[in-house]
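A quick write-up on the structure given underneath.
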Amino acid sequence: MSLRAQLEARVNTWVMANYPQVGPGPWVRPCADARHGHFQTHFPMVAAKETGGNGREIANRLASECSPPPDWEKPEVAGGGFVNYRAMPRAVATALQELRRDPSLGVPKTTNPETIVVDFSSPNIAKSMHVGHIRSTLLGDTLARMLGRLGHRVIRINHLGDWGTQFGKLLLAYRAAGRPPIDPDHAIDQLEEFYKKGHQEAESDPAKMEKARAELAALQSGDPERIRDWKLFCQRSSDHFREIYRQLGVTFDLEKGESAYHEELPALVEELLHSKIASVSQGAVVVANPEISEEPFLIRKSDGAFLYGTTDLAALRSRIRDLKADRIIYVTDGRQQLHFRWLFNTAEKWGQHAELEHVWFGTILGPDRKPLKSRDGTPIKLSELLREAKERASVILREKRPDLSGNQLSEKAELLGIASLKYADQLPGRNLDYVFTWEKLLAFDGNTAPYILNAYVRTRSILRKACLTMTPNHPLMLEEPAEEELARQLLLYGDAVVLAASERKPHHLCGYLYAVAGMYHRFFEACPVLQAPSTALRDSRLTLVGLTGDILRDGLTLLGIRTLEEM
RNA sequence: GCGCUGUUAGCUCAAUUGGAUAGAGCAUCUGACUUCGGAUCAGAAGGCUAGAGGUUCGAGUCCUCUACGGCGCACCA
């Protein structure tokens with residue numbers, strides 16, 4: 001149990017015995033300012049407000065009646081009712097040795113495991129992935145990793161856009177060109193060209209627009225030739241996606257596109273009509289709810305076609321019925337908030353029971369502060385972004401490590417480039433918009449992946465020099481402030497992961513790891529390890545160094561970032 | 001018009017959800033190396049948290065109003 005949890009348990013016991021009406025907390029948190037202590041509770045002030053007592057008096061009672069765990073200093077009362085606690089180095093050392101024996105490094109298992117579907121990334125067939133896809137892909141991947149780590153059963157789903165109206169225009173131009181073979185190496189570029197051509201023609205010529213609609217209708221009614229073309233498009237797109245995901249190290253349990261639900265849509269709409277959840281309005285089928293918005297939720301167009309909301313309803317049902325999901329987390333752009341409110345509200349009326357969450361993130365903007373869009377504008381392709389990331393990393397590597405051979409260099413450059421990109425994207429709070437710049441996404445100084453990786457590499461280097469391949473397990477002696485501070489920080493790891501996972505905000509974990517790396521660098525300056533004054537202290541510090549490395553690696557892994565042994 | 005969401009140091013962002021003297025990075029300035037890997041560390045400087053009220057022991061955080069942005073509001077996804 002972490003230091004905080006030990007103290008929390010005691011404080012909570014006292015609270016439940018004396019102020020059961022105030023609530024269970026948690027009441028203990030780390031002090032924002034180290035001068036006050038290591039941990040604090042402000043419970044007395046809350047209790048005073050709710051019961052009409054005096055905060056200072058309650059704090060005095062709490063401090064005298066509720067003793068902290070063994071090897072802690074006597075609590076101190078401060079302000080209008082703070083109680084401050086300080087663990088003595090021996091208590092820190094004991095807790096850290098416990099952490100050393102815990103394969104999960106202090107990350108607790110949930111007491112309520114759920115089956116959780118995480119729906120993320122969701123690129124469109126016949127289009128290349130661009131910067132607009134990166135946040136969903138990385139955020140979804142990290143959430144899946146963290147929730148899995150906490151003991152949930154996670155199902156990662158890529159809900160591919162493989163059935164939209166864009167296929168009418170694409171088929172139009174592709175067939176007009178005589179259905180040429182698609183070159184696997186430039187498949188996406190070719191397909192985008194066809195789409196662009198079809199789109200332009202259809203927009204400018206009503207007759208062509210009509211033909212595009214007919215193409216779509218033919219595809220959706222199962223015309224064999226069109227189905228064959230469509231399957232080819234999907235195949236080639238899938239190859240493209242797979243390569244991007246390989247580089248990013250992102251995987252899915254299920255790649256199931258919109259087309260998979262096509263056949264059940266007519267019955268679904270009928271069912272909603274029949275149960276009076278939906279109604280006909282202006283020839284279309286809609287779900288109305290003035291509490292959500294004036295305009296209704298459209299599930300069938302007046303021409304009989306279905307919309308993505310219809311497909312989402314079918315997918316949602318399938319995940320609950322077939323995959324037994326207790327919870328579905330959708331990771332998308334914040335502009336879809338209204339859509340998901342409608343979707344969740346409709347699903348609830350329809351009797352689909354699961355916890356439904358829309359985890360949304362801000363838009364990536366262009367230099368003009370307008371969202372990068374795929375139709376107009378010139379979005380940066382993900383493949384290009386990844387290539388640039390590697391390129392920038394290799395420029396820096398060549399300078400720092402002229403000794404490396406070409407192969408070693410490009411391998412490290414790839415890892416470092418991707419790591420920087422992933423970290424930079426996850427560092428800002430997720431509901432902020434941000435303006436895309438190469439400099440920001442591929443920075444190597446300050447609060448970045450290379451900074452944290454550098455700390456990790458230094459831990460590995462010291463272990464190597466001590467002829468160790470893993471963290472040793474020696475008694476800990478925390479003498480210097482720098483090592484004691486680092487030790488206490490390591491004990492907060494579990495809390496950091498729980499916070500990031502439960503808020504669905506990976507940037508909390510970034511902040512934690514950055515603090516660990518900073519404290520380690522300071523420890524590194526202040527405390528010789530291999531040349532420590534005594535063997536016992538050397539052993540203790542080797543253990544601390546090893547644990548620091550273990551936690552940095554573990555945390556980076558949760559963020560989807562690979563580590564390396566030297567850089 | 002309605003709804004969602006922002007506004008914190010010159011710039012980019014934090015702040016454990018109402019807790020103590022609001023913290024980092026970048027940029028600027030000053031120091032520390034024949035190093036357990038300097039992709040580092042120590043220090044300086046930088047703030048009326050957009051503005052005005054309110055709630056209370058206590059507000060960047062909550063409520064109201066105002067100003068200025070961004071996004072979304074029926075047959076695209």
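Residue numbering restarts at 1 for every chain, and letters A, B, ... go by the order of the sequence lines. Please read all numbers here as calculations on a predicted model, not as lab measurements. The figures that follow rest on heavy atoms only: side chains count, while hydrogens, waters and symmetry mates do not.
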Checklist entry - A/L397 near the nucleic acid: base, sugar-phosphate alone, or nothing, with a heavy-atom cut-off under 4.0 Å? => result base
Checklist entry - What is the nucleic acid contact for A/C527, judged by heavy atoms within less than 4.0 Å: base, sugar-phosphate only, or nothing? => result base
Checklist entry - Using atom C1' of each nucleotide, how far apart are B/U16 and B/A9 to the nearest Å? => result 23 Å
Next on the checklist: Could you tell me how far apart A/R56 (CZ) and B/A20 (P) are, to the nearest whole angstrom?
Outcome noted: 17 Å
I'd like a list of close polar pairs between nucleotides 44-49 of chain B and the protein, N/O only, cut-off under 3.5 Å.
none

Checklist entry - Considering only the P atoms, how many Å lie between B/A44 and B/G51, rounded to the nearest integer? => result 27 Å
Next on the checklist: With a 4.0 Å cut-off on N to O distance, would you call A/K412 and A/E566 a salt bridge?
Outcome noted: yes
Item to check | Under 4.0 angstrom between A/R35 side-chain N/O and B/U21 OP1 or OP2 | outcome: no
Item to check | side-chain hydrogen bond (donor to acceptor under 3.5 Å, both in side chains) evaluation trace for A/Y330 with A/H159 | outcome: CA-CA 10 Å; A/Y330 295 87; A/H159 187 68; over 6 Å; no
Item to check | Side-chain N or O of A/Y451 closer than 4.0 Å to phosphate OP1/OP2 of B/C41 | outcome: yes
Item to check | B/U5 and B/A50, which share atom name C1', separated by this distance in whole Å | outcome: 16 Å
Next on the checklist: Rounding to an integer number of angstrom, what distance separates B/A45 and B/C33 when you compare their C1' atoms?
Outcome noted: 26 Å
Checklist outcome for this item: Judged by nearest nucleotide, the residue sitting upstream toward the 5' end of RNA chain B, A/S293 or A/A393, is A/A393
Checklist outcome for this item: The reported gap from CG in A/L468 to CG in A/L542 (rounded to nearest 0.5 angstrom) is 6.0 Å
Checklist entry - Counting just side-chain N and O atoms, does A/K465 come under 4.0 Å of either OP1 or OP2 of B/C36? => result no
Next on the checklist: Once pairs are restricted to Watson-Crick or G-U wobble with both distances under 3.5 Å, how does RNA chain B read as a dot-bracket string, [ ] for crossings and | for other-strand pairs?
Outcome noted: (((((((..((((.....[...)))).(((((.......))))).....(((((..]....))))))))))))....
Next on the checklist: Parallel, tilted or perpendicular, judged at 30° and 60°: which one describes the rings of A/W438 and A/F436?
Outcome noted: perpendicular
Next on the checklist: Let's go through A/Y456 and A/E565 carefully: what are the C-alpha distance in whole Å and the side-chain angles of both, what is the deciding distance for side-chain hydrogen bond (donor to acceptor under 3.5 Å, both in side chains) to 0.1 Å, and is it a yes or a no?
Outcome noted: CA-CA 8 Å; A/Y456 175 73; A/E565 295 300 296; 3.2 Å; yes
Item to check | Plane angle bin for A/Y451 and A/H521 - parallel if under 30°, tilted between 30 and 60°, otherwise perpendicular | outcome: perpendicular
Checklist entry - When the P atoms of B/G19 and B/C13 are considered, how many whole Å apart are they? => result 24 Å
Next on the checklist: Quick check: on RNA chain B, is the nucleotide nearest A/A517 upstream (toward 5') of the one nearest A/A284, or the reverse? Name the residue that is more 5'.
Outcome noted: A/A517
Next on the checklist: Take a 6.0 Å sphere around CZ of A/R56 and say whether it holds more than 12 heavy atoms from other residues, nucleotides or ligands.
Outcome noted: yes
Which pairs, protein N/O on one side and nucleotides 4-13 of chain B N/O on the other, fall under 3.5 Å?
| from | atom 1 | to | atom 2 | distance (Å) |
| --- | --- | --- | --- | --- |
| B/C4 | O2' | A/Q337 | OE1 | 2.9 |
| B/C4 | O2' | A/Q337 | NE2 | 3.0 |

All N/O pairs under 3.5 Å across the protein-nucleotides 56-62 of chain B interface:
| from | atom 1 | to | atom 2 | distance (Å) |
| --- | --- | --- | --- | --- |
| B/G58 | O6 | A/K49 | NZ | 2.9 |

Checklist entry - Can a side chain N or O of A/H507 be found less than 4.0 Å away from OP1 or OP2 on B/A15? => result yes
Next on the checklist: Does A/L307 reach a base, just sugar-phosphate, or nothing at all? Heavy atoms under 4.0 Å.
Outcome noted: sugar-phosphate
Checklist entry - In terms of the angle between their ring planes, are A/W230 and A/F167 parallel, tilted or perpendicular, with boundaries placed at 30° and 60°? => result perpendicular
Item to check | Lys/Arg-Asp/Glu bridge criterion (N-O < 4.0 Å) met for A/R541, A/E479 | outcome: no
Next on the checklist: Please report whether the ring centroid of A/H339 lies less than 6.0 Å from that of A/Y308.
Outcome noted: yes
Item to check | Separation of B/G19 P from A/E50 CD (nearest whole Å) | outcome: 14 Å
Item to check | Pair A/D312-A/L316, side-chain contact (heavy atoms from CB on, under 4.5 Å): steps then yes or no | outcome: CA-CA 6 Å; A/D312 278 351; A/L316 186 152; over 6 Å; no
Next on the checklist: Go through it in stages, so that I can follow the logic: the residues are A/Y434 and A/D425, the test is side-chain hydrogen bond (donor to acceptor under 3.5 Å, both in side chains), and I'd like the CA-CA distance, side-chain angles, deciding distance and then a yes or no.
Outcome noted: CA-CA 10 Å; A/Y434 72 77; A/D425 183 73; 2.6 Å; yes
Next on the checklist: Need one value for A/A443: base, sugar-phosphate or nothing, where a base atom within 4.0 Å counts as base even if backbone is also close, heavy atoms only.
Outcome noted: nothing
Next on the checklist: Please give the distance between the P atoms of B/U49 and B/C11 as a whole number of Å.
Outcome noted: 16 Å
For residues 413-423 of chain A, which side-chain N or O atoms pair as donor and acceptor with protein atoms under 3.5 Å away, sequence neighbours left out?
| from | atom 1 | to | atom 2 | distance (Å) |
| --- | --- | --- | --- | --- |
| A/S420 | OG | A/L416 | O | 2.8 |
| A/K422 | NZ | A/L248 | O | 2.5 |
| A/K422 | NZ | A/G560 | O | 2.6 |
| A/Y423 | OH | A/N447 | OD1 | 2.6 |
| A/Y423 | OH | A/C510 | O | 3.2 |

Item to check | B/C76 and B/G72, which share atom name C1', separated by this distance in whole Å | outcome: 14 Å
Item to check | B/A24 versus B/G47 - spacing of their C1' atoms, nearest Å | outcome: 15 Å
Next on the checklist: Applying a 4.0 Å non-hydrogen cut-off, can you work out what A/S302 is touching in the nucleic acid: base, sugar-phosphate, or nothing?
Outcome noted: base
Next on the checklist: If the cut-off is 4.0 Å, is A/H521 near the phosphate of B/U40, judged by side-chain N/O to OP1 or OP2?
Outcome noted: no
Item to check | Partner of A/V529 by side-chain contact (heavy atoms from CB on, under 4.5 Å), out of A/D539, A/L544, A/I462, A/T459 | outcome: A/I462
Checklist entry - Just wondering, do A/F82 and B/A20 stack (centres under 5.5 Å, planes under 30°)? => result yes
Item to check | Presence of salt bridge, A/R522 and A/E525, under 4.0 angstrom | outcome: no
Checklist entry - Under 4.0 Å between a side-chain N/O of A/S461 and OP1 or OP2 of B/G37, yes or no? => result yes
Next on the checklist: Under 4.0 Å from OP1 or OP2 of B/A39: is there any side-chain N or O of A/R401 that close?
Outcome noted: no
Could you write out each protein N or O paired with an N or O of nucleotides 23-33 of chain B at a distance under 3.5 Å?
none

Checklist entry - What's the CD-C1' distance between A/E258 and B/C76, to the nearest Å? => result 11 Å
Checklist entry - Do the charged groups of A/R61 and A/E57 touch, with an N to O distance under 4.0 Å? => result no
Checklist entry - Less than 4.0 Å between a side-chain N and a carboxylate O, is that true for A/K169 and A/E203? => result yes
